[in-house]
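Following: one structure in structure tokens, then a few remarks.
Side-chain atoms are counted along with the backbone in the values below, which use heavy atoms only and exclude waters and symmetry mates. Note that ligands are numbered from 1 as they come in the structure, with each ligand's atoms numbered from 1 the same way. Bear in mind that the values here come from a model prediction, so they are computed numbers and not experimental data.
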Amino acid sequence: MFNCDEHAAYSACALAFRDRLILEWNRTQQRQTYADSKRLYYLSLEFLMGRALDNAMLNIGQKDVAKAGLAELGFRIEDIIEQEHDAALGNGGLGRLAACFLDSLASLNLPAWGYGLRYRYGIFKQEIIDGYQVEVPDYWLDFNPWEFPRHDVTVDIQFYGHVNRSQGASGKTTAHWEGGEMVRAVAFDVPIPGYATTTTNNLRLWSSKAASGEFDFQKFNSGDYESSVADQQRAETISAVLYPNDNLDRGKELRLKQQYFWVAASLYDIVRRFKKSKRAWSEFPEQVAIQLNDTHPTLAIVELQRILVDLEGLEWDDAWNIVVNTFGYTNHTVLPEALEKWSVGLFQHLLPRHLQIIYDINLFFLQSVERAFPNDRELLARVSIIEESQPKMVRMAFLAIVGSHKVNGVAELHSDLIKTTIFKDFVSIFGPDKFTNVTNGITPRRWLHQANPRLSDLIASKVGGNDFLTDLTKLNGIELFVNDKQFRKEWAEIKHANKIRLANLIKETSGVIVNPSSLFDVQVKRIHEYKRQQLNIFGVIHRYLTLKAMSPEERQKQLPRVSIFGGKAAPGYWMAKQIIHLINSVGGVVNNDKEIGDLLKVVFVEDYNVSKAEIITPASDISEHISTAGTEASGTSNMKFVLNGGLIIGTCDGANIEITREVGENNIFLFGNLAEDVEDLRHAHTYGSHTIDPDLAKVFAAIEEGMFGSTEDFSGMITAVRDHGDFYLVSDDFHSYIETQALVDEAYRDQEEWVTKCITSVSRMGFFSSDRCISEYAEGIWNIEPLHVERDAGVRKGE
Ligand code: Z57
């Protein structure tokens, strides 16, 4: 007998289903090429895909077959699925959104490609050592059956050098970008299967390596072996590692190199494909839509203009028309520290020709503004793509707006905010129609069917099968059963089973034993001051102090709760790391307090990632989405939690507002100040007297007495609120947060009513499918249509 362990079973399984995917992938690509219809290209520096096997099996309808086959060999399918390493090429919401979009694009049969970078290291693995975050590299490419190296698809990308001009016979001058160095981009393709369809789209990720050009060759011949190896390594560095920042712009030269490398390779590929059709350049926007996922790919605007003007010889204005009609730009944040800017000096050094083009774009743009708004020099300074600071900076968001035909935010409040704050002037200049909203969504395949199979099956049994997975509005069919005893019983049993599954994960990873009958209160997301994990943990401390102050009799009457945290801090984000440390320190005290027992547990789940989210999301009773109003553009985990039958406590921010509109005010716990009040409150902190809520003051006192160990470690978190203006309004919202948490306890005691709220909420979540969201983009921004790939009998069914 040969030895087949779980990993071998995983590879056998993956390779078998992968073969199916390849067939349909080839057919899809052939069909799309043949039909020659308009395609979407989604440019994203992040694709937070998670695992592929389970998703592939479900999407092609083969999971039951796999399960039976594996069982015959003595394996549990769950154990086999777990063998796979997450593809973690993203930080958080923005990257996961891109992954949900790919699933919806394929499931809707839309001709679309994703373009990204094939990082050798994805987001770091988080270990918690003595309560502190430690970052470990995430090398994930040891065995990756889901990528196909395309050594035949390469593009050489130029950096540095200088610009020369020549004058042609017609007298027209042409710019030539010369010299510098070349790096080679190699394509790696990843198949993206749609759910219950034959469409399998392509995600193309670029990997960097040294271009075998004259540079290396000369060095090698002259015996300069060491330096030719160094060149090799320098080239490979470009796609080596994902920048681990979320909602923060802190890139150095390497980050700009990553951006240009990926954008230039992708555009070369797109243009090469367009040229095969032999159409006129003016038809480019009828064949190609390019969506910029945040400003990271904004250089694509400049690169396309360069290709058209410098290489293809088009007139500036004709080229610019094509460019603007091709691009759409999605903004994902209003936080000023996240808005990308690059110094003019760096541009001049790395991409001299692109800087010239940016200056020209800016000149023509400012001239048009000047014509429409004469004598408004301040307006010109405010909207200029070049910020006249020391050093001068290129404002990437402004460039993205000027070079796109549509700009969208990701939830209603956020889209309104960008129009009235950071992009206000551009609304006056371009008119309001250029700015639009497309509220984010999530794929119900991964986030319900895959993560919560039992709930998905229960729903299917009531709404006439799995059609709700492709038309999520069909969920409303379960509202009919909200009073059905058996349905409610099964509903509650499933939630409990999911909580046991999470309790097991918690025990395995942190050693803490939690009672699955407690209320599970979850906050999992990147650690950031604006997301306010500090408000949550201060609230937990307040709860602990309150419990401690009670008589044993009184304590007996309290509702047991488990506070579950998870999320990564950017390695250089000191305050976020302090927050993690405080959470763990509080857990260390509370979890070992015999007086408290099960009444309160505090858990930090290390290394929160997509796979852990699939276990955590279905297990929450309440989850926290408590950002300072106006700061969380949308949030998408809020949607995932409600879709899985958990309620949420949240501020009036991002998509929480639309979730409230859909599920009804009675089914959500909202608290805190509104976005429109934030400015005044901040002003009052700085210029008025800032009084700290007395309950919060007691929390601070407990920390400062050393109740949770090292006081100096946590002093930064306290002084930020007490002495440094409390920018995130923790003290302003504390009271209302505590009160609302008390309402949560009260509501949870009435389990019948709670289950009613959960079922009602789920039934009304149809709007938040990424299918709805992608359909809005397809119609309102991309102007693309579904293309059905003919079914080849036998390919899918396996007959
Ligand atoms: C990121 O994950 C998001 C915005 C950014 O500007 C960057 Br950089 C990373 C997030 C927002 O914070 C979420 O509110 C939003 O739901 C998500 O993007 C997807 O739109």
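- The backbone and the side chain of N247 each have at least one atom closer than 4.0 Å to an atom of ligand 1 (non-hydrogen atoms only).
- What sits closest to atom 20 (O) of ligand 1 on the protein, heavy atoms only, is H332 ND1, 2.7 Å.
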Subject >> Criterion salt bridge (charged side-chain N to carboxylate O under 4.0 Å, His left out) on E387 and R395, from CA distance to verdict >> reply: CA-CA 7 Å; E387 180 183 271; R395 297 157 159 166; 3.6 Å; yes

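- Residues R532 and D733 are paired through a salt bridge, judged by an N-O separation under 4.0 Å between the basic side chain and the carboxylate.
- For Y243, no heavy-atom contact with ligand 1 is shorter than 4.0 Å.
- At a threshold of 4.0 Å, the pair E632-K531 counts as salt-bridged, since one of the basic side-chain nitrogens sits closer than that to a carboxylate oxygen.
- Paired with F101 under the rule ring pair (Phe, Tyr, Trp, His ring centres under 6.0 Å), one option of F47, Y777, W113 passes, and it is Y777.
- With distances taken over non-hydrogen atoms, the option nearest atom 9 (C) of ligand 1 out of N331, L339, D246, N293 is D246.
- Residues Y260 and H354 place their aromatic rings such that the two centres sit under 6.0 Å apart.
- Every atom of ligand 1 with a heavy atom of D294 under 4.0 Å away is listed here by number and element: 5 (C), 6 (O).
- Residues T628 and D653 have side chains not in contact (no heavy-atom distance under 4.5 Å, counting atoms from C-beta outward).
- Under 4.0 Å from ligand 1, the heavy atoms of N440 that appear belong solely to its side chain.
- Proximity to T333 (heavy-atom distance under 4.0 Å) selects the following atoms of ligand 1: 6 (O).
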**OP:** Show your reasoning for whether salt bridge (charged side-chain N to carboxylate O under 4.0 Å, His left out) applies to D103 and R446.
**Re:** CA-CA 9 Å; D103 185 74; R446 183 176 291 261; over 6 Å; no

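- Residue V410 has no nitrogen or oxygen atom sitting less than 3.5 Å from a nitrogen or oxygen atom of ligand 1, judged on distance alone.
- At least one N/O-N/O distance between L94 and ligand 1 falls below 3.5 Å.
- The pair D732-R682 does not count as a salt bridge, with every side-chain nitrogen at least 4.0 angstrom from each carboxylate oxygen.
- The N/O atoms of A633, backbone and side chain alike, include one that comes under 3.5 Å of an N/O atom in ligand 1.
- Listed by number with element, the atoms of ligand 1 under 4.0 angstrom from any heavy atom of E632 are 11 (C), 12 (O), 13 (C), 14 (O).
- Neither the backbone nor the side chain of N245 comes within 4.0 Å of ligand 1, counting heavy atoms alone.
- In this structure, the protein non-hydrogen atom closest to atom 16 (O) of ligand 1 is G635 N, 2.8 Å.
- Screening K568, K577, K125 for a salt bridge (Lys or Arg N to Asp or Glu O under 4.0 Å) involving E135 leaves a single residue, K577.
- Using a 4.0 angstrom heavy-atom cutoff, A338 does not count as in contact with ligand 1.
- Atoms of ligand 1 found under 4.0 Å from any heavy atom of Y530, numbered from 1 in the order shown, are 12 (O).
- Figure legend: cation-pi geometry between R661 and F767, with NZ or CZ positioned under 6.0 Å from the six-membered ring centre and within 45° of its axis.
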